[in-house]
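Here's the structure we're looking at; comments come further down.
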Amino acid sequence: PARFGVSLAEFHSEMTARQRRSPHALSATSTHDTKRSEDVRARINVLSEIPAEWRARVIAWQRLNRKQRTTVDGRPTPGPNTEYLLYQTLVGAWPIDGERLRNYMLKAVREAKSHTSWVNPNVRYDEAIARFAEAVVDPERSPRFLEDFVPFQARVAHAAAFTSLAQTLIKLTAPGVPDFYQGCELWDLSLVDPDNRRPVDWGLRRRLLDELAATVAAAGDRAALAHELVKTKEDGRIKLYLIREGLTVRRELRALFERGDYRPVEARGPWAEHLCAFARVGGGEAALTVVPRLLARRGLDGLPLGAAYWGDTRLALPTDLGGAWRNAFTGDRLTTEPAEDGAVLPAGAALAAFPVALLVREAA
């Protein structure tokens, strides 16, 4: 908790070491025991990029919801820490009903053991927490709060979707074996167990997967399909598509992802800090992963696509990785440009129609 994230250099160093010491280790982003699912965490992470706006929102919401608190043992309940946790949870898990939020908050405060616990429950405190949780998501009791909260949360969810996709692609292509917890093939907004053990709608996932497979088989323009998924990202098909196509590449290049070297790739240019890229290289094959990061620092709106967004930002590749590449998500074929110290690939070309890229080197 004392460390606020890691640098890109540290990330690349750890991935290089992981390929050397444990290339078959499990890469899990959600499990039966995670306190927040991978997509909930991605949303909450966005808040760390907009601290001033987030602080202002929380202060305003505390004022709007003052009437929902209950005095227990002479203290307004919930206290500021617990109320902060509730708002953070709402941003991550929205839409969420009062029952799910109440159950999560009761488990959180009992396990914190500050005012109540499973062994020695404080009934009045527990009831006050439950009432507050149910009230703040009730449109009749908290209309002004929800009028402010819902549009803000939508903007956070928009930016977080790209973080979630980046996280998923890294899991698929970095050293290790990707693990997908039940239901996470689409956006998953589960909280701690038993919330993350609710029944999964496998029928929906099978139907969407079959539809995607048929669409991919019939698509004459994969880039148009990919871009359409970006525009309709709220339904989760974009994540399912990324997983399907990413696993297809892993299967086709199994030896590369099991034993291939991990090589960090440097980004250069005006928005270089907003890119993470690396190559897997071995056996005459190569794959290049390109994902965005920290996009909320540039604003919560818009799409991180094309030259209009990325400008002159480019990826610097060594000479042996120059040449022709194919984008697994869009079908686009890209060719590097020569540079004094190797080759370069414009970020706007790699991310022209889809917010992450998995490029496979084509034979000369």
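All figures in this text were calculated on a predicted structure; none of them were measured in a lab.
Comment: Asp148 does not engage Arg63 in a salt bridge, judged by the lack of any side-chain N to carboxylate O separation of less than 4.0 angstrom. Salt bridge annotation for Glu337-Arg314: absent, with no cationic side-chain nitrogen under 4.0 angstrom from a carboxylate oxygen. The residues Glu14 and Arg18 are annotated as not salt-bridged, no charged nitrogen and carboxylate oxygen being separated by less than 4.0 angstrom. Taking 4.0 Å as the cut-off between side-chain N and carboxylate O, Arg237 and Asp235 count as a salt-bridged pair. Comment: Arg250 does not engage Glu258 in a salt bridge, judged by the lack of any side-chain N to carboxylate O separation of less than 4.0 angstrom. Comment: Lys107 does not engage Asp195 in a salt bridge, judged by the lack of any side-chain N to carboxylate O separation of less than 4.0 angstrom. Using a 4.0 Å cut-off between charged side-chain N and carboxylate O, Glu228 and Lys231 make a salt bridge.
In this view, Asn196 satisfies the side-chain hydrogen bond (donor to acceptor under 3.5 Å, both in side chains) rule with no residue, not counting sequence neighbours. Among residues two or more places apart in sequence or in another chain, the side-chain hydrogen bond (donor to acceptor under 3.5 Å, both in side chains) test is passed with Asp221 by none. Every residue two or more places apart in sequence or in another chain that forms a ring pair (Phe, Tyr, Trp, His ring centres under 6.0 Å) with Tyr87 is listed here: Trp61, Phe145.
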ask   = When you look at Leu189 and Trp94, which way does the side chain to side chain contact (heavy atoms under 4.5 Å, CB included) test go after all the steps?
value = CA-CA 8 Å; Leu189 303 176; Trp94 188 263; over 6 Å; no
query = Where do Cys276 and His12 land on the side chain to side chain contact (heavy atoms under 4.5 Å, CB included) test, with the steps shown first?
reply = CA-CA 9 Å; Cys276 172; His12 288 312; 4.2 Å; yes
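Arg222 places a side-chain N or O within 3.5 Å of a backbone atom of Ala328 that can act as its donor or acceptor partner. Put simply, the side chain of Arg280 gets close to the backbone of Gly260: a donor and an acceptor are under 3.5 Å apart. The backbone N or O of Ala223 sits nowhere less than 3.5 Å from a side-chain atom of Thr330 that would complete a donor-acceptor pair. Within the 3.5 Å criterion, the main-chain N or O of Asp301 finds no donor-acceptor partner in the side chain of Arg155. Thr77 places a side-chain N or O within 3.5 Å of a backbone atom of Arg75 that can act as its donor or acceptor partner. A donor-acceptor pair under 3.5 Å is absent between the side-chain atoms of Glu285 and the main chain of Leu256, judged by distance alone. Thr336 places no side-chain N or O within 3.5 Å of a backbone atom of Gly322 that could act as its donor or acceptor partner. Between the side chain of Arg36 and the main chain of Thr89, no donor-acceptor pair closer than 3.5 Å is present. Gln68 places a side-chain N or O within 3.5 Å of a backbone atom of Arg141 that can act as its donor or acceptor partner. Of the possible donor and acceptor atoms, none in the side chain of Arg244 sits under 3.5 Å from a partner among the backbone N and O of Leu212.
Within 6.0 Å of CZ in Arg21 there are more than 12 heavy atoms belonging to other residues, nucleotides or ligands. Heavy atoms of other residues, nucleotides or ligands lying less than 6.0 angstrom from CZ of Arg144 number 12 at most.
Here the closest heavy-atom approach between residue His274 and residue Trp310 is recorded as O-CH2, 3.6 Å. Here the closest heavy-atom approach between residue Trp325 and residue Arg361 is recorded as CE3-N, 3.3 Å.
Considering CG of Leu359 and CG of Leu321, their distance stands at 11.0 Å, rounded to 0.5 Å. In this structure, the separation between OH on Tyr262 and CD on Gln19 is 10.5 Å, given to the nearest 0.5 Å.
A cation-pi geometry, defined here as NZ or CZ lying under 6.0 Å from the six-membered ring centre and within 45° of its normal, holds between Arg298 and Tyr309.
Results of the salt bridge (Lys or Arg N to Asp or Glu O under 4.0 Å) test with Glu273 over Arg268, Arg293, Arg297 single out Arg297 as the only residue that passes.
If you chain together hydrophobic residues whose side chains sit under 4.5 Å apart, Leu169 and Tyr181 never meet in one group.
Asp188 and Ser190 share a side-chain donor-acceptor pair at under 3.5 Å.
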